[in-house]
Amino acid sequence: MQLRSLSIFAAVAALGISLTGCKPKDAGSAIASDAAEKVYVAPGKHDEFYNFLSGGFNGQMSVYGIPSGRMLKIIPVFSVFPENGWGYSEETKPMLNTSHGFIPWDDLHHISLSQTKGEHDGRWAFGNANNTPRVARISLSTFRTEEILELPNSGGNHSSPFITENTEYVVASTRFSVPPDNQGDVPISTFKKNFKGYISFISVEPKTGRLSIKFQLKMPGISFDLARAGKGKSHGWFFFSCYNTEQASTLLEVNASQKDKDFILAVNWKKAEEYLKQGKGKIVPAKYAHNVYDESTHSANSTIINEVMTLDPKECPDLVYFMPCPKSPHGCDVDPTGEFIVGSGKLAAVIPVFSFDKILKAIASKSYDGNFDGIPVLKYESVLYGEVQKPGLGPLHTEFDGRGNAITSFFVSSELVKWNIKDLKVLDRVPTYYSPGHLSIPGGPTSKPHGKYVIAYNKITKDRYLPTGPELAQSAQLYDISGDKMKLLLDFPTVGEPHYAEAIPAALIEKNSKKIFKIEDNHHKYAAKGEKEAKVVREGNKVHVYMTAIRSHFTPDNIEGIRLGDEVYFHLTNLEQDWDVPHGFAVKGSNNAEILIMPGETQTLKWVPDRVGIVPIYCTDFCSALHQEMQGYVRVSPAGSTVPLTFSTGKVNPPDPADKVVKK
Ligand code: RUQ
Ligand code: CUA
């Protein structure tokens, strides 16, 4: 959002609007009188919805309960996370591999929850990496990242990941147009000729969720911002907001705001599939990583892929169309019926609503307004259903309440505005504190929204919480939308900088939540599935410790014969088979992280000792009354030492002759 808000500020300045003047006037008075009651979830009771939030620059996803606003979990996705060893354990390091090598962070903006027949099915969440283009799939049974796929020919994977009605595709389009990866060394001044905007259609294997790029559409060099799949009658189509149709490569805040209208792009992806079948696709060289976490080996694998299928719309007629959209559109949202496509020009004074029926008619009658780089531009009037007049300033995103209304966030005027989709009349507006980016209604992007609440994810917090130095808490706000008027219920602080989020009924997820991993299904190469299998094995300078953990000891917990120059791999298997009994593992001086091992799982901590001495090891997760006793020692001797490799737990030490002397 950072860059985008700059251009908004510029535009606001140009319009002579003062930002402070946009502070909601009735600050403080908008709160519902029964707010406390409505958000109170009694101790021991569960929330009605899960809310999955993107973490922005923290690269994570976080999970909140709605309506309480209680944080339930942080899921590391494109980030390392010392709290549980994600990205530090040997098993999870490959998840963060890319064609650039190991990248331990990213900028996660959007979440998409998997759908079947246009409704949430509670199986997976998808997230985008905006910096080094990647798409991740997160399991909603383990709440862990299971797969990360890098995207070639892209720069800034912002318009991503958006999914089709049956999760056939996760779609990702590039924010920065760039020359294709293998033709990158060109002057920036040749932007119009050489820079392209690729859109990746990633297929999702229905049973396993496995991702693979089915094809990339090679579009002219413009910026894609957001997107939504068609649904219902518009199933088979995809819509993308586009900016920088000026094709500027510098000072975009001015140069990409020249035109009165940019575009929404309509893609007929069913047609694309036909062209692929006809052999119209072209395989081009590429280099991108595909990382998959396997639950049975408890390990990730990273593979580099060297080619990708592409489709050029210039060689495939009737595949893509541009629709003019005022001005620098950001959000692009499709209503539950699939008939209405809402563009949100962040510098526009109206909200344009397009009609899918009219789009089809305009295409059939070739109602074109010229073309853009060879791609037909449909006439604005022929595809426009109507415009919402005077909605507010700086419309960004729209969600739907399932009762025929849309709610749009307004960054500049700091408000949520509810309007009717059919007659386009504004029905209600409430202030937000302050400057919302995305908003989320449970089921809002599906064909059956659950309504009830809307949550605004604000970009500016200012005075809402106790100050915490220059960096303030991020803020979400929950509103009741069950009545005619929207009512503020709750502020809750969030982590990172949330962009998009989705909310889903808890009932769809709760029942599938994984409790333990079955020890007999553990196929980790270094698993010790019982204390009898615990051992320490030297292979040259590599030492493999097959270690087990059970309340409240490690086996082995005394190890000797490690030498300076060794690489020690602690493969820790948690033998517990009860819910909520993880064990942790930490080594003094380890410049890695600690690791948390769930029941039945094996995880590996690599440790390279840097000095001679006795090194304590211990469990980091308070697992029982004797958790503090869950500790042990490793002896490190000098390189070349002849101390034999030994290991034990509960070994009774031989009597020390010195003791006898004392006893006399
Ligand atoms: S964006 S706040 Cu990165 Cu989705 Cu509109
Ligand atoms: Cu195991 Cu504490």
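Start at 1 and go down the list; that is how both ligands and their atoms are numbered.
- Between the Asp225 side chain and the Ser241 main chain, no donor and acceptor come within less than 3.5 Å of each other.
- Atom 2 (Cu) of ligand 2 lies closest to atom ND1 when only the N/O/S atoms of His627 are considered.
- For the pair SG of Cys619 and O of Asp621, the angle at atom 2 (Cu) of ligand 2 is about 90°; rounding is to 10 degrees.
- Within ligand 1, counting atoms from 1 as listed, the ones closer than 4.0 Å to a heavy atom of His109 are 3 (Cu).
- Residues Lys514 and Glu601 are not paired through a salt bridge, judged by the lack of any N-O separation under 4.0 Å between the basic side chain and the carboxylate.
- Classification of Glu253 and Lys346 as a salt-bridged pair fails, no side-chain N sitting under 4.0 Å from a carboxylate O.
- For His438 and His110, the distance between ring centers is under 6.0 angstrom.
- Of all atoms in ligand 1, numbered sequentially from 1 with element shown, those under 4.0 Å from a heavy atom of Leu226 are 4 (Cu).
- Within the coordination shell of atom 4 (Cu) of ligand 1, defined by N, O or S atoms under 2.8 Å, His438 is present.
- With ligand atoms numbered from 1 in the order given, ligand 1 contributes 1 (S), 3 (Cu), 4 (Cu) to contacts under 4.0 Å with heavy atoms of His158.
- Between Phe126 and Trp124, the angle of the ring planes goes over 60°, which puts this pair in the perpendicular group of the 30/60° scheme.
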Query raised in the report: Is there a side chain to side chain contact (heavy atoms under 4.5 Å, CB included) between Phe570 and Ile595 once you walk through the steps?
Result: CA-CA 10 Å; Phe570 293 101; Ile595 50 176; 6.0 Å; no

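- Remark: side-chain polar atoms of Ser435 are paired, donor with acceptor, to backbone N or O of Phe411 under 3.5 angstrom.
- Between the side chain of Lys606 and the main chain of Glu90, no donor-acceptor pair closer than 3.5 Å is present.
- The aromatic rings of His298 and Phe517 lie perpendicular to each other, with more than 60° between the two planes, well past the 30° mark.
- Using a 4.0 Å cut-off to heavy atoms of Lys459, the atoms of ligand 1 that qualify are 2 (S).
- Counting heavy atoms under 4.0 Å from ligand 1, residue Asn130 does not touch it at all.
- At least one N, O or S atom of Met630, from either the backbone or the side chain, sits less than 2.8 Å from atom 1 (Cu) of ligand 2.
- Looking only at its N/O/S atoms, His583 has ND1 as the one nearest to atom 1 (Cu) of ligand 2.
- Listed by number with element, the atoms of ligand 1 under 4.0 angstrom from any heavy atom of His330 are 1 (S), 2 (S), 5 (Cu).
- Residue contact check: Gly437 has heavy atoms under 4.0 Å from atoms 2 (S) of ligand 1.
- Checking His110 against atom 4 (Cu) of ligand 1, an N/O/S atom falls under the 2.8 Å cut-off.
- Among the backbone and side-chain atoms of Cys623, an N, O or S atom lies under 2.8 Å from atom 2 (Cu) of ligand 2.
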